[in-house]
Number of protein chains: 2
Amino acid sequence: MTEIDTRLRILDAAESLFTRYGFEATTLRQITGAAEVNLAAVNYHFGSKEELIREVFRRRLTWLNQQRLQELDRLEAEAGGKPLKPSQILEAFFGVALKMAADADGGGRSFMRLLGRTYSKPSEFVRGFLAEEYAAVLARFKSALVRALPGVPGEEILWRFHFMLGAMSYAIAGTDALHIVAEDALDDSDAQALYARLMSFMLGGLRAPLPVLQAGSAKRPRAKAAA
Amino acid sequence: MTEIDTRLRILDAAESLFTRYGFEATTLRQITGAAEVNLAAVNYHFGSKEELIREVFRRRLTWLNQQRLQELDRLEAEAGGKPLKPSQILEAFFGVALKMAADADGGGRSFMRLLGRTYSKPSEFVRGFLAEEYAAVLARFKSALVRALPGVPGEEILWRFHFMLGAMSYAIAGTDALHIVAEDALDDSDAQALYARLMSFMLGGLRAPLPVLQAGSAKRPRAKAAA
DNA sequence: GTATAATTCATACAATCGTTTAAAACATAC
DNA sequence: GTATGTTTTAAACGATTGTATGAATTATAC
């Protein structure tokens, strides 16, 4: 077994187990057991459990965001200066993710579910890394959306982006609190239907009439307590 | 210190710590330390850590869902047989939750963030309990929405409800992956603005044009969706 | 008051955690 | 072949985990 082989086996096993049980509940012995490598291999190849977690994210997230930016680049080049349609922008961002989530073989599905749940529980030390990985991507997509939706202020775009991330996260995680999705079955037609459903929902929300905000709630430098 | 006092102190401390660190990462010693009670008090009053977790949820969730149903009852009684407006239904469901989330004193805020992240990570033994608590509520709200939106099939309603739960969860959890919300500051006007933003987004998504599903992806009888 | 039950307390338990170590096994270069 | 550097291995480390115990304390009933 070559070095790179061992590293990959650990990453794959960790990704899968993290998805199922979370970071803290997953032990190194589970991981090395599933990967069929020695217990000490994790600390030898990654240094620590925390670094392993970071690497599990980095491996897929970097690639995912590259794909997103690349797709956005392509669309904007095609449009030749004209604003894109909102649906195109959303497809560039969420389409890539959902395609990854639907890819059972590549293991991307497991990762996307892990990612979705991690957004809402940034475990201290992944938070900084996550924000860093997303900063550039978010900025690009925000400005594209601002151009595509002249009537919607930038801050509102950000919020709606946030909401859309939540919707996508739940869609992928497929929490069966609602008994809609079988935990581990998501075939091609299911994935396509889910994608279509999510996309129409998001577009509706993105283009919704602006909320009527109270006069007093204009953003001021935060410090105040409840009024 | 009376018995009920100790129980409450433990529940409050656990809720807060679970929110910050998650279930597994929170130790009984942290909880009893924060609650200023003896370590053995948890096992004495709750039997085990798992039962404590369940009780943390039960305490607030039961009340929350009662409020939701009560509010829906009130609206339907007022409407006297006529379908409600979608916005009214959403307000009954999400408004109560967001009001709870904005209530800093009552401690509901901490719980709502905990709940939001738990949806996407049903830790084996909370899953069943969670689904059970939600079954009746979901059924009521689904049928109300179906009546309110004659053009949208029931299955689509369920999916969109799922998406809305995700959006709300992220909104409350306030993951600062997007650097929008300060982790622990959400005053009254912020909460109101968030509520307005989320509501308009959701309504837009709920009333969006139906997705065009591929012909081949017609649902085969999968284990039935929640009745 | 005393007796009985409920609660708190300090302490200990076995189990499991992430990590470390030093030797064994393997690879590569000369 | 030997020598050198890398990877794997089995075993152990101290620390921390959830839980259990029995005595001390407090509350309740008589």
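The figures that follow rest on heavy atoms only: side chains count, while hydrogens, waters and symmetry mates do not. Lettering of chains follows the sequences in order, A, B, ..., and the numbering in each one begins at 1.
Out of D:dT19, D:dT7, C:dC17, the shortest distance to the side chain of A:H45 is found at D:dT7. The A:A40 side chain lies nearest to D:dT9 when the options are D:dT7, D:dT9, D:dT19. For B:L39, the side-chain atoms get nearest to C:dA12 when compared with the rest of C:dT8, C:dA12, C:dG18. Comparing D:dT19, D:dA10, D:dT17 by their closest approach to the side chain of B:L28 singles out D:dT19.
At the heavy-atom level, B:T26 lies under 4.0 Å from the strands shown only through sugar-phosphate atoms.
Listed pair A:T6 / D:dT8 meets the phosphate criterion, a side-chain N or O lying under 4.0 Å from OP1 or OP2.
A:F201 and B:F201 have perpendicular rings, their planes meeting at more than 60° on a 0 to 90° scale where under 30° would count as parallel.
Close placement of the B:F93 and B:F161 rings is indicated, their centers lying within 6.0 Å of each other.
At whole-Å resolution of the value, CD in B:E36 and P in C:dC9 are 11 Å apart. The nearest whole Å value for the distance from the CD1 atom in B:I53 to the C1' atom in D:dT19 is 15 Å. Separating the OH atom of B:Y44 from the C1' atom of D:dA24 is a distance of 14 Å, rounded to the nearest angstrom. Atoms NZ (B:K49) and C1' (C:dT16) sit 13 Å apart, rounded to a whole Å. Note: CG (A:N43) to C1' (D:dA12) measures 14 Å, nearest angstrom. Whole-Å rounding puts the B:F23 CZ to D:dG18 P distance at 14 Å. One interatomic measurement links the two molecules: CG of A:N38 to P of C:dG18, which rounds to 15 Å at whole-angstrom precision. Distance, A:L17 CG to C:dC17 P: 12 Å, rounded to whole Å.
A:E133 has no carboxylate O lying under 4.0 Å from a charged side-chain N of A:R54, or vice versa, which leaves the two without a salt bridge. Between A:E55 and A:R58, at least one side-chain N (NZ, or NE/NH1/NH2) sits under 4.0 Å from a carboxylate O, which counts as a salt bridge. A salt bridge links A:E76 and A:R140; the closest N-O separation between the charged side-chain nitrogens and carboxylate oxygens is under 4.0 Å.
Mapped onto DNA chain C by nearest heavy atom, B:R29 and A:V42 fall at different nucleotides, with B:R29 at the one closer to the 5' end.
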